[in-house]
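Below is one structure, written out as C-alpha cells; the observations come after it.
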Amino acid sequence: MKNLIDKLFETQNLLPEEFKQLIKGRTSDLAQYLFEKSRQVRFENYDHDVYIRGLIEFTNYCKNDCFYCGIRNSNSNADRYRLTQEQILECCRSGHALGFRTFVLQGGEDSYFTDDKLVNMIRAIKSLYPDCAITLSIGERSHESYQMLFNAGADRYLLRHETANNEHYKKLHPKNLSPENRKACLFDLKKIGYQVGCGFMVGSPYQTVDNLVEDLIFIKELQPHMVGIGPFIPHHDTPFAGQTGGTLELTLFMLGLVRLMVPQVLLPSTTALGTIDPMGREQGILAGANVVMPNLSPTTVREKYMLYDNKICTGDEAAECRFCMQKRMEGIGYEVVVSRGDHHSLQ
Ligand code: SAH
C-alpha cells in the first residue's frame, strides 16, 4: 500500500480502484506514512505558514432544508438573526486589527441579502480594507448574481459540493436541490474568475468508500483552489439527529490524500475537526492542511449559527480565538502569518 502513496506523491493521481484500496485498507502505520508525504508537499509549497481567515457568519436564515444542517429552514427551534452592514464592517475592523487579511462571509441562503445589498457590502469592505480578500460562502445563486458580486470585488467563493455522487446527494438533500446544479455553480464560479473552494463532509449518512473516491475524482476534475473537508456531526434538531458522525481518523486520511493529489491546494483544518477532538485542528495541520478559520462573528450570535451540535468557540471574543489559534499553531511548530494567503498560482 505504501507504493500507492508513493505513486500518488509522484504523479498526483491514482486510478479509482487504487484510491479505494488505500482508503479501505488504511491502517495507522499507513496514515503516518501518508502524513509524512503530505507534510513534505505542504512544506515545499507553503513552508510552515498557516493562513488565517476571519469567518463572519452573517445570517442564519436559510430557504433550504438540507437534512444534515442545523440552520435548515424547517428547524423552528433555530433562533434566526441577520447582521447589519454596520455589524459586519465592525467585524472586519476588529479582524483587520488582529491581522486578518481575508474575510469569509458565510450564511444560509437568505433572500433578504439581494445582489444590491451584497454588492454594497463588498464595495464597502473593499474600500475600507483594499489589502484584504473577500470570500463568499452563501450557496447557489444565478450566474448573473455571481458575476455581479465578482465585479463588486469578491475574490473567492466557497461552495462545498457535499458529495460528488448524485444518488448520495439526493439522500442528504430535499428534492428541489440538485447535484447537477451545485456542480454547475462551481464550474461557473471558476470560469467567472473566482478562486473556488469545493469540499465534502466525511462520514455523512449513507456515504460509502466509493463515494469518497468519487469526491477525490471530482476534485481532480474541478481543480479548485481550496477544498473544505470536515467530519459530519449530527445536529439534534435535524432528520439526521440519530446518525453517527464522521471520524477524526478518516477525515485526516482524506486531508492527506487531497494534499498529495492537488499539492498547491488551500486546505483548511476545519472547526468541525476541532469540535470532534480537542486537538483536531492541530492534527489537521499535521496531515497537510494549511488554513484555519477562526470566528469573527459577534459573540451575541455565535450560539445561533449552529450547523451541528457542540460547535466550539461559541463564547470567545474574536481576539481570543485569534491568539488561541496562534498558540495552537506555534505549539506544533507552525506559524500564523498576516497575509491574504492566496493560492500559490496567484502569488
Ligand atoms: N449556505 C452555504 C453555507 C453552508 S454552511 C452553502 O450552501 O454553501 C457550510 C458547510 O457546513 C456546508 O457546506 C456543510 O458541508 C457544512 N455542514 C452543515 N451541516 C453540517 C453538519 N451537521 N456537520 C458537519 N458539517 C456540516
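The model shown is predicted, which means the values in this text are computed figures rather than measured ones. First listed ligand is number 1; within each ligand, the first listed atom is number 1. Both backbone and side-chain heavy atoms feed into the values below; hydrogens, waters and symmetry mates do not.
- Near Phe232, with a cut-off below 4.0 Å to any heavy atom, the atoms of ligand 1 are 22 (N), 23 (N), 24 (C).
- At least one test fails for Lys311 against the ring of Tyr305: distance under 6.0 Å to the centre or angle within 45° of the axis.
- Taking the six-membered ring for Trp, Tyr51 and Tyr46 have ring centres closer than 6.0 Å.
- Note on residues 228-239: pairs passing side-chain hydrogen bond (donor to acceptor under 3.5 Å, both in side chains), not counting sequence neighbours, are Asn77-Asp237, His236-Asp309.
- Using a distance-only test at 3.5 Å, with no hydrogens or angles considered, no donor-acceptor pair links the side chain of His343 to the main chain of Gln195.
- Aromatic ring centres of Tyr146 and Tyr157 lie closer together than 6.0 Å.
- The aromatic ring centres of Phe218 and Phe200 sit 6.0 Å or more apart.
- Among Glu109, Arg72, Gln106, Lys63, the residue whose heavy atom lies nearest to atom 9 (C) of ligand 1 is Gln106.
- In terms of protein heavy atoms, atom 19 (N) of ligand 1 is closest to Tyr68 CD1, 3.4 Å.
- Checked against a 3.5 angstrom limit, the closest N/O atoms of Leu159 and ligand 1 fall outside it.
- Close N/O approach between Arg160 and ligand 1 is found [any backbone or side-chain N/O within under 3.5 Å].
- Shortest contact from atom 11 (O) of ligand 1 to any protein heavy atom: Leu307 CD1, 3.5 Å.
- Side-chain contact between Arg281 and Ile312: present, with at least one pair of heavy atoms (C-beta onward) separated by less than 4.5 Å.
- In this structure, His235 falls outside the shell of residues with a heavy atom less than 4.0 angstrom from ligand 1.
- In terms of protein heavy-atom proximity, atom 23 (N) of ligand 1 is closest to Ile233 N, 3.0 Å.
- Checking only distances, Glu162 does come within under 3.5 Å of ligand 1, N or O to N or O.
- With a 4.0 Å heavy-atom cut-off, ligand 1 is reached by no atom of Glu140.
- Per-atom contact check: atom 4 (C) of ligand 1 does not touch the protein, criterion being a heavy-atom distance below 4.0 Å.
- With contacts defined as side-chain heavy-atom distances shorter than 4.5 Å, the pair His173/Glu162 qualifies.
- No more than 12 heavy atoms of other residues, nucleotides or ligands lie within 6.0 Å of OH in Tyr206, so this atom counts as exposed by the packing criterion.
- Counting heavy atoms closer than 4.0 Å to ligand 1, residue Pro231 contributes backbone atoms (N, CA, C, O) but none from C-beta onward.
- In this structure, Cys62 does not count as a contact residue of ligand 1, since none of its heavy atoms falls inside 4.0 Å of the ligand.
- Ligand 1 has no N or O atom lying under 3.5 Å from any N or O atom of Gly70, backbone or side chain.
- When only non-hydrogen protein atoms are considered, atom 1 (N) of ligand 1 lies nearest to Gly107 O, 2.9 Å.
- Legend: residues meeting salt bridge (Lys or Arg N to Asp or Glu O under 4.0 Å) with Lys63, ordered by chain and number and at least two apart, are Glu109.
- In this structure, Gly199 has no heavy atom closer than 4.0 Å to ligand 1.
- Every atom of ligand 1 with a heavy atom of Cys69 under 4.0 Å away is listed here by number and element: 19 (N).
- With a heavy-atom cut-off of 4.0 Å, Arg182 touches ligand 1 through its side chain alone.
- For atom 17 (N) of ligand 1, the closest non-hydrogen atom of the protein is Met201 SD, 4.0 Å.
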